[in-house]
Each structure stands twice: as structure tokens, then as C-alpha cells.
Amino acid sequence: FSSSDALNGEANLQFDGTTLSINGAEGDAGAYSKIVVRKTGIADNSATAVVRVTIPNANHAACFKIFGFITTDSGSRVGTFEQSVAISRISGATAVGATASGIVSTEANSGGGGADYSIASTVTQSGGASASNTIDYNLVINTTDSSTKNAVFYVELLNFNSTGVTMAAV
């Protein structure tokens, strides 16, 4: 164990107004970054972009985890979910993002009836082999009563390489 590899309290915390990072600035080698995203009026059964990860044209290994909850306007029903996304890119090729097929989900209902949630996700990549690429994480929430939803998520990004995988809410 080397003390130079250990987190050193406040000296390793950075906040840019949106993203909190530990062990260096967002995009630094070995950095851990976190953002919180709040969305309102999410349309039923429609892909909604939550976070965009930007991957420069270089060798990269990264992953992010998204955890959050969805709710009705009244708060009478709440559903939670969690999912991880792996990101890989080699210089001169496009980035690839992969997710597991299922999303762990739980529900609580204090209002009787109302929305039964089913939650799915997609990741979409854009950008050419020689350009900076982006990967968007999109959430699809389907309810039995076709209601609109609200949501709060936190997204955690782990980055291995030093040339700057970053994220932003969309």
C-alpha cells in the first residue's frame, strides 16, 4: 500500500459547479466523478437522454453507473433503478458503450393504483473514428397509465486514462 495512491481528504476533491471529482479533475487518470441530474415531465414510453459521455480520440477505458428514482407528480408511486455502462475506445476507432440487458428496479406505492413502471435503456454513440465521440445514455420509462414522470439520478464515472473522458447532463 502506498500513501501516494490513497485519497487524501479535501486535497483530492474538486468541484466545478456541476461535477464533483475525487482523485483529480474529471477526465484525469484514475478520477472518480459524480453528477446529479433532475428531469421533470418525462414523456411516457419515449427515450429521454439523461447523460452524455465525451470520449476523445485516444485509448480509453471507462465506465459509469447510473442510479435514480422516477415518480409521479404527486409522489404517490416511486420506482428505483440502477445500471452500469462500460466504455472502450482505441485511438482511430469509434467508442463503444455496452450495458447489461436488465435494470434492477423496485417500486413503492402509497396512493393506490397509478403507474406500474417498466424501465429500459439504450446507449447511442456518435462521432467518427478520428473525432471526439459521445455516448448518450437514454432512459425509457413505460407506465400502465401512460402518465408523465419526474426523475432524479446520480451518475458516477470512473476513468482509467488521462486524456479526458467526461460527462454532462442532457
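Given the structure is predicted, the values throughout are model-derived calculations rather than measurements.
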For this session: Assess whether side-chain contact (heavy atoms from CB on, under 4.5 Å) is satisfied between Arg38 and Thr40, documenting all intermediate values.
Result: CA-CA 7 Å; Arg38 181 178 182 265; Thr40 59; 3.7 Å; yes

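- Of all the heavy atoms in Val123 and Thr99, the pair that sits closest is CG1-CG2, 3.7 Å.
- In this structure, the separation between OH on Tyr137 and OG1 on Thr124 is 12.0 Å, given to the nearest 0.5 Å.
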Table please: side-chain donor-acceptor pairs of residues 42-50 below 3.5 Å, with sequence neighbours left out.
from	atom 1	to	atom 2	distance (Å)
Asp44	OD1	Thr143	N	2.8
Asp44	OD1	Thr143	OG1	2.9
Asp44	OD1	Lys149	NZ	3.1
Thr48	OG1	Ser46	O	3.3

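- Scanning both residues, Ala86 and Cys63, for their nearest heavy atoms gives CA-CB, 4.3 Å.
- Contact of the Asn133 side chain with the Gln125 side chain is registered, since non-hydrogen atoms from C-beta on lie closer than 4.5 Å.
- Cation-pi geometry between Lys34 and Tyr154 is met: under 6.0 angstrom from the ring centre, within 45 degrees of the axis.
- Atom CD1 of Ile87 sits about 15.0 Å away from atom CZ of Phe160, to the nearest 0.5 Å.
- The two residues Glu26 and Ser21 make their nearest non-hydrogen contact at N-OG, 3.2 Å.
- The structure places CZ of Phe67 at 8.5 Å from CZ of Phe81, a figure rounded to the nearest 0.5 Å.
- The two atoms that bring Ile35 and Val51 nearest to each other are CD1-CG2, 3.9 Å, heavy atoms only.
- For Arg77 (side chain) and Thr72 (main-chain N/O), no donor-acceptor pair under 3.5 Å exists by modelled atom type.
- Residues Asn23 and Tyr32 are not in side-chain contact: their nearest non-hydrogen atoms beyond the backbone lie 4.5 Å or more apart.
- Residue Ile135 holds its CD1 atom at 13.5 Å from CE of Met167, rounded to the nearest 0.5 Å.
- Across Ser33 and Thr19, no two heavy atoms sit closer than the pair CB-CG2, 3.7 Å.
- Between the side chains of Asn159 and Asp28, not a single donor N or O lies within less than 3.5 Å of an accepting N or O.
- Listed for the Asn150 side chain is a donor-acceptor partner under 3.5 Å among the backbone atoms of Gly41.
- Taken together through direct or relayed side-chain contacts under 4.5 Å among Ile, Leu, Val, Met, Phe, Trp and Tyr, Ile119 and Val152 form parts of separate hydrophobic clusters.
- Counting heavy atoms from C-beta on, the side chains of Glu156 and Leu158 never come closer than 4.5 Å.
- Considering all non-hydrogen atoms of both residues, Asn57 and Ser130 come closest at ND2-O, 3.3 Å.
- Atom CG in Leu157 sits 13.0 Å away from atom NZ in Lys65 (nearest 0.5 Å).
- We find the CZ-OG1 distance between Arg52 and Thr166 to be 11.0 Å, quoted to the nearest 0.5 Å.
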